[in-house]
Peer 1: 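For reference, the structure I am asking about is given below.
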Number of protein chains: 2
Amino acid sequence: MGLTKTEIFTDKQNQIAQYAKVLGHPARVAILQYLYKLNACVCGDLVGEIGLAQPTISQHLKELKHLGLIKGNVEGTSVCYCIDADNWKKMKTVMSEFLDQDLNQKDCC
Amino acid sequence: MGLTKTEIFTDKQNQIAQYAKVLGHPARVAILQYLYKLNACVCGDLVGEIGLAQPTISQHLKELKHLGLIKGNVEGTSVCYCIDADNWKKMKTVMSEFLDQDLNQKDCC
DNA sequence: TCTATTTATTGTAATATTACGATTAATGTG
DNA sequence: CACATTAATCGTAATATTACAATAAATAGA
């Protein structure tokens with residue numbers, strides 16, 4: 001046990017859950033918000049900005065990169081990160097489709 | 001360690017992460033989709049619908065109820081569940097505000 | 001009251017996540 | 001090349017999550 005039974009759910013359900021899961025930690029939310037705020041590449045100062053240790057930030061960045069939400073380019077000794085606009089849009093589409101369902105609520109308790 | 005440092009993040013960041021986290025499991029996504037599809041109270045047949053054991057479903061329902069996304073009414077021997085439309089709307093607002101950020105991407109790597 | 005039905009709770013095993021110190025890898029500069 | 005700087009990886013401790021068997025709680029009907 002302790003392991004999610006992905007095989008009993010649809011691809012769509014797993015995809016929604018996967019996106020939501022990666023957004024399910026405040027550090028990753030903060031990283032994405034920071035990248036958005038700057039609206040450009042961020043080279044290096046992420047560790048200073050969020051209040052977590054460097055390996056922890058690196059770990060969170062890895063997860064965001066793994067899902068494709070950000071991309072990183074090596075730039076000298078530092079790495080520049082930014083939002084991957086295309087994949088962000090894809091995620092937005094998937095999540096919005098789920099969140100924006102119409103609710104008639106014709107009869108409810 | 002192993003415990004999220006919520007105190008170093010803003011309330012908004014924690015709120016977004018909390019919503020996302022509860023959507024971060026396919027069983028909970030499936031439950032919400034099912035409630036939406038029926039567009040009415042669901043009394044009892046949730047365990048048959050999702051392919052998980054009854055205590056597991058009960059646990060997921062508890063988390064959804066805890067965040068306010070669903071509400072349950074006791075109806076005889078069974079319990080009727082449905083989406084809490086008001087709270088769902090609140091979540092949608094919070095999540096959309098985060099997801100719909102504009103990205104100029106004036107200079108990116 | 002007894003029984004059947006349905007949901008919640010408890011307990012627990014397996015696994016995943018979070019965080020960070022220590023170390024390694026990669027690259028630019030003197 | 002040696003050294004400084006920065007990010008990634010490794011190892012690991014603490015905690016959280018997921019799943020389910022067993023049991024308890026609640027209620028309807030006989």
Peer 1: Without hydrogens or angle criteria, can the side chains of A/Q13 and A/T10 be said to hold a donor-acceptor pair below 3.5 Å?
Peer 2: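 Checked: A/Q13/A/T10 side chains pair up, N/O donor to acceptor below 3.5 Å.
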
Peer 1: DNA chain D: A/T6 or A/V79, which has the more 5' nearest nucleotide?
Peer 2: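 The residue closer to the strand's 5' end, by nearest nucleotide, is A/V79.
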
Peer 1: Tell me whether the OP1 or OP2 atom of C/dA8 has a side-chain N or O from B/K65 closer than 4.0 Å.
Peer 2: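 Affirmative; the distance criterion is met.
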
Peer 1: Going 5' to 3' through nucleotides 22-30 of chain C, assign each nucleotide B (protein heavy atom under 4.0 Å from a base atom), S (under 4.0 Å only from sugar-phosphate atoms) or - (no protein heavy atom that close).
Peer 2: B----BS--

Peer 1: For the atom pair NZ (B/K92) and CG (B/L69), what is the distance rounded to the nearest 0.5 Å?
Peer 2: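 Going from the NZ atom of B/K92 to the CG atom of B/L69 covers 13.0 Å.
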
Peer 1: Can you tell me if B/T56 touches the phosphate of D/dC20, counting only side-chain N or O atoms and a distance under 4.0 Å to OP1 or OP2?
Peer 2: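 Result: yes.
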
Peer 1: Among residues 16-26 of chain B, which contact DNA chain C at a heavy-atom distance under 4.0 Å?
Peer 2: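 Listed by number, there are none.
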
Peer 1: Check for a donor-acceptor pair, side chain of A/T56 on one end and backbone N or O of A/L52 on the other, with a separation under 3.5 Å.
Peer 2: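 Side chain of A/T56 to backbone of A/L52: no pair is present.
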
Peer 1: Tell me, which pairs form a salt bridge (Lys or Arg N to Asp or Glu O under 4.0 Å) where one or both residues lie in residues 10-28 of chain A, sequence neighbours left out?
Peer 2: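 As it turns out, the salt bridge (Lys or Arg N to Asp or Glu O under 4.0 Å) pairs with a partner in residues 10-28 of chain A, which skip direct neighbours, are A/K12-A/E97, A/R28-A/E63.
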
Peer 1: So does B/H60 get a side-chain nitrogen or oxygen closer than 4.0 Å to the phosphate oxygens (OP1/OP2) of D/dT17?
Peer 2: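 So the side chain of B/H60 is outside the cut-off, no N or O lying under 4.0 Å from OP1 or OP2 of D/dT17.
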
Peer 1: A/K62 has a side chain; which of D/dT9, C/dA8, D/dA19 sits nearest to it?
Peer 2: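 Comparing D/dT9, C/dA8, D/dA19 against the side chain of A/K62, the answer is D/dT9.
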
Peer 1: Can you say whether a donor on the side chain of B/Q59 sits under 3.5 Å from an acceptor on the base of D/dC20, or the other way round?
Peer 2: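 Yes, the side chain and the base share a sub-3.5 Å donor-acceptor pair.
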
Peer 1: Looking only at side-chain atoms of B/T4, point me to the closest of D/dA7, C/dT18, C/dC20.
Peer 2: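 It is C/dT18.
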
Peer 1: Any chance the side chains of B/Y34 and B/D45 put a donor and an acceptor closer than 3.5 Å?
Peer 2: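 Distance-only check passes for B/Y34 and B/D45.
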
Peer 1: Kindly point out which of C/dA8, D/dA7, D/dA16 is positioned nearest to the side chain of B/L3?
Peer 2: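 Within the option list, the nearest is D/dA16.
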
Peer 1: Below 4.0 angstrom from OP1 or OP2 of C/dA8, is there any side-chain N or O of B/Y81?
Peer 2: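 Answer is yes, contact under 4.0 Å.
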
